[in-house]
Student: 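Before anything else, here's the structure in question.
Letters A, B, ... are given to chains in the order of the sequence lines, protein chains preceding strands, and every chain is numbered from 1. What you see below is based on every heavy atom in this structure, not just the backbone, and it leaves out hydrogens, waters and symmetry mates.
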There are 4 protein chains.
Amino acid sequence: MVNEHRSGPVRSTAAREAILDATSRLFHAQGYDRLTIEGIAKEAGVGKQTIYRWWPSRGALIADCLVDGRLIPVDFVVPDTGDLLADVETWLRSVLSILEAPQGDALLRSLVAAAADDADVGVHLSESLGVEQHLSERLRGGIRDGQLPADAPVAQIGRALLGAIIVESLGREARDPDGVVDLVRYLLAR
Amino acid sequence: MVNEHRSGPVRSTAAREAILDATSRLFHAQGYDRLTIEGIAKEAGVGKQTIYRWWPSRGALIADCLVDGRLIPVDFVVPDTGDLLADVETWLRSVLSILEAPQGDALLRSLVAAAADDADVGVHLSESLGVEQHLSERLRGGIRDGQLPADAPVAQIGRALLGAIIVESLGREARDPDGVVDLVRYLLAR
Amino acid sequence: MVNEHRSGPVRSTAAREAILDATSRLFHAQGYDRLTIEGIAKEAGVGKQTIYRWWPSRGALIADCLVDGRLIPVDFVVPDTGDLLADVETWLRSVLSILEAPQGDALLRSLVAAAADDADVGVHLSESLGVEQHLSERLRGGIRDGQLPADAPVAQIGRALLGAIIVESLGREARDPDGVVDLVRYLLAR
Amino acid sequence: MVNEHRSGPVRSTAAREAILDATSRLFHAQGYDRLTIEGIAKEAGVGKQTIYRWWPSRGALIADCLVDGRLIPVDFVVPDTGDLLADVETWLRSVLSILEAPQGDALLRSLVAAAADDADVGVHLSESLGVEQHLSERLRGGIRDGQLPADAPVAQIGRALLGAIIVESLGREARDPDGVVDLVRYLLAR
DNA sequence: GGTTAACCGAGACGGTACGTCCAGTCTTCGT
DNA sequence: ACGAAGACTGGACGTACCGTCTCGGTTAACC
């Protein structure tokens, strides 16, 4: 049996906090492409090696911030009032509220850039917006109570809603505040 | 009438060709994040200044390649056989064929990264996949001949389809080849 | 009278003037190391090729300016009043007057830099300060009328005087206004 | 008392050595004007930043090489045998021996170019040839034992000797091996 | 309670790429 | 036929970060 134990101090919580704080601060302020490890280290008052010791890549830092709710809120839950359309609209508006913040569009695009660059971020992005768990589950509930047909592709519908928002944002047009709402109504109302 | 003409040598077509060729070659081979101006210049046998003279940014190069059809084919037209669902499926499969190529997933993610990074790419991406023009037009045709309800949000439907593909790709799961096809059937068949 | 209407223009005197003017202006303003062909061309309102057509190098331009008296005066003659020491001091003070102008030290060092860089300038520098012709001749006159011994190495004495000034200037010390005058007195007075 | 020490890695002696070695090698091989920071970095197997971190300019590198005796020997001492003229001639011949090496003229002109360009080099050049210290001191000794008059301007005499050599070299004539020797004899023998 | 190994900050290191400037050559158009 | 204008390839500039590697100092678990 191998003794995994070692002597010496343990990972510094303060450093971890400072690093993730600095990362999310700089990510919001400058976006993904201007985010550098050196910048984070300086902002956090930390040596570069302390970052490299615990995170394999810039993306892993972002992913950690993401699941900790430091980049965007984590409570993208979908209520269950019995009215499927209303519940999904509630979720949708909470997602859209990100975009309504100043630089919200840029923030979303930075998240997409990070997700495209780095697998760690990719696998967490739609999940942390509640698409993969909460929304799918609510849609399955809609199937159970007859508000959706049995063959509705729930996972795809969730991705379609998020994807429509992303594609719109990538296109840099002024966002139509009701566009995606129309989409969800069309998708679910029948 | 103002004569904008000036004397002196004219822009070299050979250089333009070589640069865009090199850009698309390296973009395919290495992806967006590993694409460098120096690399392009060397690959194209061109001075860096010649690139900076004509393109303001790495993204503008990508955008030019995109509209020239050097990154992905440009013929994402949507046929009009009278059968709306079949026509949209035809378009969809041509988009999905990009992903079936080796490194197809990575190529799409690189395009998304470029679009997130750079407005020039962003405004051209969905357009050059035929979403904004051809697909929307075909869907409007579907409304005219009664295969879609009059209030169907055609632009949003197009973005939803493309977006679903993108979100799936960002998630790094093995792609379900029929997932988006199910989505389009659900969206259009009623 | 020159007929300006001919088929096939001849070398433009105006261009030559403008180029040498621009060269000396920029040489004075920025020094030798910041002097560029492009800068001269732009300042002169001339194409670069027009410069390269007529001068093989930056140094050749400087040399031309030098012999034209555009960088420093050309009248470093040595009077002949019969008093050798006084005559040489007169010459010396006219050379030192270059250094008393604002940036005079820098100008001399720029000339030295150009002379070190480029043979064309090198062969003209001491000559154009009157060392090789006027001063040597006057010293030979001093031998003839017995104010100098017959074996006095006149060429070397001239170079020693100029060289002492140059070495002092290269050393960046605040210049001792009487230092070289002491030297010439020591050298000649006996 | 303030402890100036900081933690962290210390300046690499190996890098310093390699850089100064490379600098002097390239300076001898190519001269000052063809000497580039990139060339030095590559020759030394060092990153450019390591050079910029420790030296403010190309000239500072040359100056460091100069005081380390990497460009020319550092032992331009002036003996004191009691015979002033012989002692100064000894010094003079050791300076002239630089010029007798292959490319010796070019080496001297490169040193002058560097000294003209950069104050750091300028202040060290005549000093490291022994002019400012050893030679002046010996001349003062000559005054003390009556071989020179009390009012002989020793500093100026030293600069005159070096300067004569420099001016001759700038003039690109084939060097007269006895010219400066004649000068020193004339200057001191009376 | 002393030893000691891993932590920490700081930052030097060899590199790669950035975006700019200029060299020297070549091309086009206008006079 | 010249000359202005300036595009071209190429090379160096000085800067910013990369990811790795020392350092000296600190801290906790083990002996």
Side-chain angles (χ1 to χ4, degrees), chain A residues 3 5-12 14-15 18 34-42 44-54 56-58, chain B residues 5-12 14-16 18 34-42 44-54 56-58, chain C residues 4-12 14-15 18 34-42 44-54 56-58, chain D residues 5-12 14-16 18 34-42 44-54 56-58:
Chain A
N3 187 356
H5 203 70
R6 52 167 189 76
S7 76
V10 98
R11 178 172 183 179
S12 156
R34 300 213 182 281
L35 188 71
T36 67
I37 299 286
E38 288 205 341
I40 294 168
K42 177 156 287 182
V46 137
K48 283 201 288 178
Q49 192 68 331
T50 303
I51 298 177
Y52 285 112
R53 186 149 34 226
W54 302 110
S57 70
R58 196 168 55 135
Chain B
H5 201 69
R6 56 161 196 83
S7 80
V10 100
R11 178 170 184 179
S12 157
R16 196 193 117 96
R34 300 209 183 285
L35 188 72
T36 67
I37 300 284
E38 287 206 341
I40 294 168
K42 177 160 290 182
V46 138
K48 282 201 286 179
Q49 197 59 48
T50 302
I51 298 178
Y52 285 112
R53 183 146 41 225
W54 300 110
S57 68
R58 197 168 53 133
Chain C
E4 293 283 350
H5 296 285
R6 76 221 124 46
S7 63
V10 100
R11 178 172 180 179
S12 159
R34 300 211 182 283
L35 188 72
T36 67
I37 300 285
E38 287 204 341
I40 294 168
K42 177 157 290 182
V46 137
K48 284 201 286 178
Q49 196 58 37
T50 303
I51 299 178
Y52 284 111
R53 187 150 30 228
W54 302 110
S57 69
R58 196 168 54 135
Chain D
H5 201 69
R6 59 161 194 80
S7 78
V10 99
R11 179 171 183 178
S12 158
R16 195 192 117 95
R34 300 210 184 284
L35 188 71
T36 67
I37 299 285
E38 287 207 342
I40 294 168
K42 177 160 290 182
V46 137
K48 280 200 287 180
Q49 197 59 48
T50 301
I51 299 177
Y52 285 112
R53 184 149 36 226
W54 301 110
S57 68
R58 198 167 52 132

Student: Produce the list of close N/O pairs, under 3.5 Å, pairing protein atoms with atoms of nucleotides 16-20 of chain F; give distances to one decimal.
Tutor:
| unit_1 | atom_1 | unit_2 | atom_2 | d |
| --- | --- | --- | --- | --- |
| F:dC18 | OP1 | A:I37 | N | 3.0 |
| F:dC18 | OP2 | A:I37 | N | 3.2 |
| F:dC18 | OP2 | A:E38 | N | 3.0 |
| F:dG19 | OP2 | A:Y52 | OH | 2.9 |
| F:dG19 | N7 | A:K48 | NZ | 3.2 |
| F:dG19 | O6 | A:K48 | NZ | 2.7 |

Student: Would you mind telling me which of E:dC7, F:dA7, F:dG3 lies closest to the side-chain atoms of C:W54?
Tutor: F:dG3

Student: Are more than 12 heavy atoms from other residues, nucleotides or ligands located less than 6.0 Å from atom CZ of B:R34?
Tutor: no

Student: When you match D:A15 and C:S57 each to their closest nucleotide on DNA chain E, which lands nearer the 5' end?
Tutor: D:A15

Student: Ignoring hydrogens, what is the shortest heavy-atom contact between C:A15 and C:T50? Give both atom names and the distance.
Tutor: CB-CG2, 4.3 Å

Student: Please tell me if D:R53 has a side-chain N or O lying less than 4.0 Å from either OP1 or OP2 of E:dC13.
Tutor: yes

Student: Sequence neighbours left out, what passes salt bridge (Lys or Arg N to Asp or Glu O under 4.0 Å) with D:R16? Give chain and number order.
Tutor: D:D64, D:D68

Student: If each of B:G8 and B:V46 is mapped to the nucleotide of DNA chain F with the nearest heavy atom, which maps nearer the 5' terminus, i.e. the 5' end?
Tutor: B:G8

Student: Please report, rounded to the nearest Å, how far the P atom of F:dA7 is from the CZ atom of B:R16.
Tutor: 16 Å

Student: Grab the CD1-C1' distance between C:I40 and E:dC21 for me, whole Å please.
Tutor: 15 Å

Student: Quick one: side chain to side chain donor-acceptor pair (under 3.5 Å) partners of B:E38, sequence neighbours excluded?
Tutor: B:K48

Student: Counting just side-chain N and O atoms, does A:T50 come under 4.0 Å of either OP1 or OP2 of E:dG9?
Tutor: yes

Student: Using 0.5 Å steps for rounding, measure from the OG1 atom of B:T36 to the NZ atom of B:K42.
Tutor: 9.5 Å

Student: If you compare all heavy atoms of C:I40 against all heavy atoms of C:I51, which two are closest, and at what distance to 0.1 Å?
Tutor: CG2-CD1, 3.8 Å

Student: Are any of A:R11's side-chain N or O atoms less than 4.0 Å away from OP1 or OP2 of E:dC7?
Tutor: no

